[in-house]
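As structure tokens, the structure follows; a few thoughts come after it.
Here is the naming used below: chain letters follow the sequence lines, and residue numbers restart at 1 for every chain. As a basis for the values below, the full set of heavy atoms in this structure was taken, side chains included, without hydrogen atoms, waters or symmetry mates.
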2 protein chains.
Amino acid sequence: MPYPATHKPQTRERILNSAAQLFTKNGYEGVSIDQVMAEAGLTRGAFYSHFADKSSLYAAAIQYASKERFRFYRAELTAGVSIERLIEGYLHPDHIKGRDMPCALAFLVSDISQREQQVRSTYTEVYKGLLQGLEHLGTDEKRERLACIAASVLMIGGVAIGRALDDEQITSDLLEACRAVSLQLLEPDQTL
Amino acid sequence: MPYPATHKPQTRERILNSAAQLFTKNGYEGVSIDQVMAEAGLTRGAFYSHFADKSSLYAAAIQYASKERFRFYRAELTAGVSIERLIEGYLHPDHIKGRDMPCALAFLVSDISQREQQVRSTYTEVYKGLLQGLEHLGTDEKRERLACIAASVLMIGGVAIGRALDDEQITSDLLEACRAVSLQLLEPDQTL
DNA sequence: GTCTATAGCAGGATAGAC
DNA sequence: GTCTATCCTGCTATAGAC
């Protein structure tokens with residue numbers, strides 16, 4: 001039995017992990033199937049027995065990356081990390097530089113509208129998940145929706161713009177401003 | 001005299017205008033030099049007597065689009081249009097849909113970090129211009145820098161994320177939240 | 001300055017052996 | 001399921017005629 005039943009799912013996961021890392025950092029057009037497969041220790045020919053095409057992989061990778069990220073945040077919260085610290089970690093130079101698995105919502109935001117329906121709808125679902133997370137983050141009562149939306153825009157937008165800029169001083173100021181305002185918006189009884 | 005002295009600059013301007021429209025809406029990889037030249041009524045061969053390569057054109061197009069946009073805003077302000085109306089126009093579904101010449105800062109934000117130094121530094125200069133505009137917008141005294149940064153992130157991020165999303169209801173809520181918070185941040189005596 | 005023609009390459013997708 | 005080999009397309013960039 002050369003290929004045990006667990007082999008295929010495991011391989012698929014390896015491909016997804018490789019794709020999530022590469023796509024998030026380099027965008028859809030910035031990554032070839034060759035690269036994804038090489039990173040996963042395979043060759044291009046093997047790809048099409050796991051995914052229909054590049055676009056499907058992209059959508060799946062975004063979902064995968066986000067699940068990993070949500071899992072991480074849940075663990076942090078369980079371990080007693082404060083909201084302030086989580087926001088600080090998100091709006092942080094290390095995140096912008098792409099260490100580990102960065103946030104696909106931020107890194108790919110203007111990549112998405114050029115992709116197919118399937119990709120946009122995946123992105124939208126992930127964004128909804130983040131929004132719901134912010135609404136209930138570390139509190140029993142639900143936060144105001146619009147305040148959470150504005151906070152999410154400051155987080156995602158802050159990382160996206162900070163990544164584009166070429167001037168460390170401005171990026172640093174930008175992160176500081178986004179941290180301050182988003183935290184204020186996430187105060188439990190905040191209303192717009 | 002088959003080519004008058006005004007011919008080349010005019011042609012260059014036609015190419016830039018075509019490039020600004022196409023690149024802003026479709027990103028760097030989403031546009032070919034063929035398309036840009038065809039839109040300008042020329043063929044690909046003529047391109048390289050105006051620009052060194054595709055990357056240079058991209059940087060020049062971002063600068064061109066932004067100058068057009070700043071010109072537009074100055075005219076609006078001179079005509080007595082309020083800041084509220086300007087923000088409303090920016091954070092508006094029509095802008096997201098790409099009518100006329102959309103804002104390159106928003107539409108290309110996550111495209112930029114994958115390009116060369118030249119492009120990133122152009123983007124950074126344009127962003128600095130917007131920031132300075134916000135600091136002095138319709139007031140004699142200078143607004144607080146961090147408040148203006150946060151407002152700019154809500155504007156750029158709001159358009160970028162709104163464009164990615166596939167759900168009109170959420171996009172509409174998102175634009176509303178960004179309008180409300182950014183306007184609040186631009187109140188003349190606002191401090192963080 | 002603009003054209004047509006072409007060189008050269010990268011990458012998506014498929015075929016067929018193992 | 002994975003491999004190698006191949007087809008095919010699209011694109012940047014250049015050459016050379018007008």
Residues from residues 51-63 of chain A sitting under 4.0 Å of DNA chain D, heavy atoms only? none

Sequence neighbours excluded and cut-off under 3.5 Å, please list the side-chain donor-acceptor pairs for residues 59-70 of chain A, or say none.
| from | atom 1 | to | atom 2 | distance (Å) |
| --- | --- | --- | --- | --- |
| Tyr64(A) | OH | Glu13(A) | OE2 | 3.4 |
| Tyr64(A) | OH | Asn17(A) | OD1 | 3.3 |
| Ser66(A) | OG | Ile62(A) | O | 2.8 |
| Glu68(A) | OE2 | Arg71(A) | NH2 | 3.2 |
| Arg69(A) | NH1 | Tyr73(A) | OH | 2.7 |
| Arg69(A) | NH2 | Met101(A) | O | 2.9 |

Take atom CZ of Phe47(B) and atom P of dC3(C), then tell me their distance rounded to the nearest Å. 14 Å

Every protein N/O within reach of nucleotides 15-18 of chain C N/O, cut-off under 3.5 Å:
none

Can a salt bridge be assigned to the pair Arg115(B) and Glu29(B) using a cut-off of 4.0 Å between side-chain N and carboxylate O? yes

Interatomic distance where CZ belongs to Arg12(A) and C1' belongs to dT2(D) [whole Å]: 17 Å

Are OP1 or OP2 of dT2(D) and a side-chain N or O of Thr43(A) less than 4.0 angstrom apart? no

Backbone of Glu187(A) reached by a side-chain donor or acceptor of Arg143(A) within 3.5 Å: no

Is the CD atom of Glu168(B) crowded by more than 12 outside heavy atoms at less than 6.0 Å? no

Look at the rings of Tyr58(A) and Phe23(A) and say which category their plane angle falls in: under 30° parallel, 30 to 60° tilted, over 60° perpendicular. perpendicular

Specify the separation, in whole Å, of atom OH of Tyr48(B) and atom C1' of dT6(C). 14 Å

Between CE of Met37(A) and C1' of dG11(C) the distance, given in whole Å, is 15 Å

With a cut-off of 6.0 Å (strictly less than), are more than 12 heavy atoms of other residues, nucleotides or ligands near CG of Asp94(B)? yes

Could you identify which residues of residues 19-36 of chain A place a heavy atom less than 4.0 Å from some atom of DNA chain C, listed by residue number, or say none? Val31(A), Ser32(A), Ile33(A)

Distance under 6.0 Å and angle within 45° of the ring axis: does Lys25(A) meet both against Phe107(A)? no

Are there more than 12 heavy atoms of other residues, nucleotides or ligands under 6.0 Å from atom CD of Gln118(A)? yes

Of dG1(C), dT2(C), dT2(D), the nucleotide closest to the side chain of Ala46(B) is dT2(C)

Donor-acceptor list for residues 78-91 of chain B side chains, cut-off 3.5 Å, not counting sequence neighbours:
| from | atom 1 | to | atom 2 | distance (Å) |
| --- | --- | --- | --- | --- |
| Thr78(B) | OG1 | Arg74(B) | O | 2.8 |
| Ser82(B) | OG | Arg85(B) | N | 3.2 |

N/O donor-acceptor pair under 3.5 Å between Asp111(A) side chain and Ser110(B) backbone: no

Among residues two or more places apart or on two chains, list those pairs meeting ring-ring contact (aromatic ring centres under 6.0 Å, His included) that have a residue in residues 119-143 of chain B. none

Please determine whether any donor N or O and acceptor N or O are separated by less than 3.5 Å between the side chain of Arg44(A) and the base of dG12(C). yes

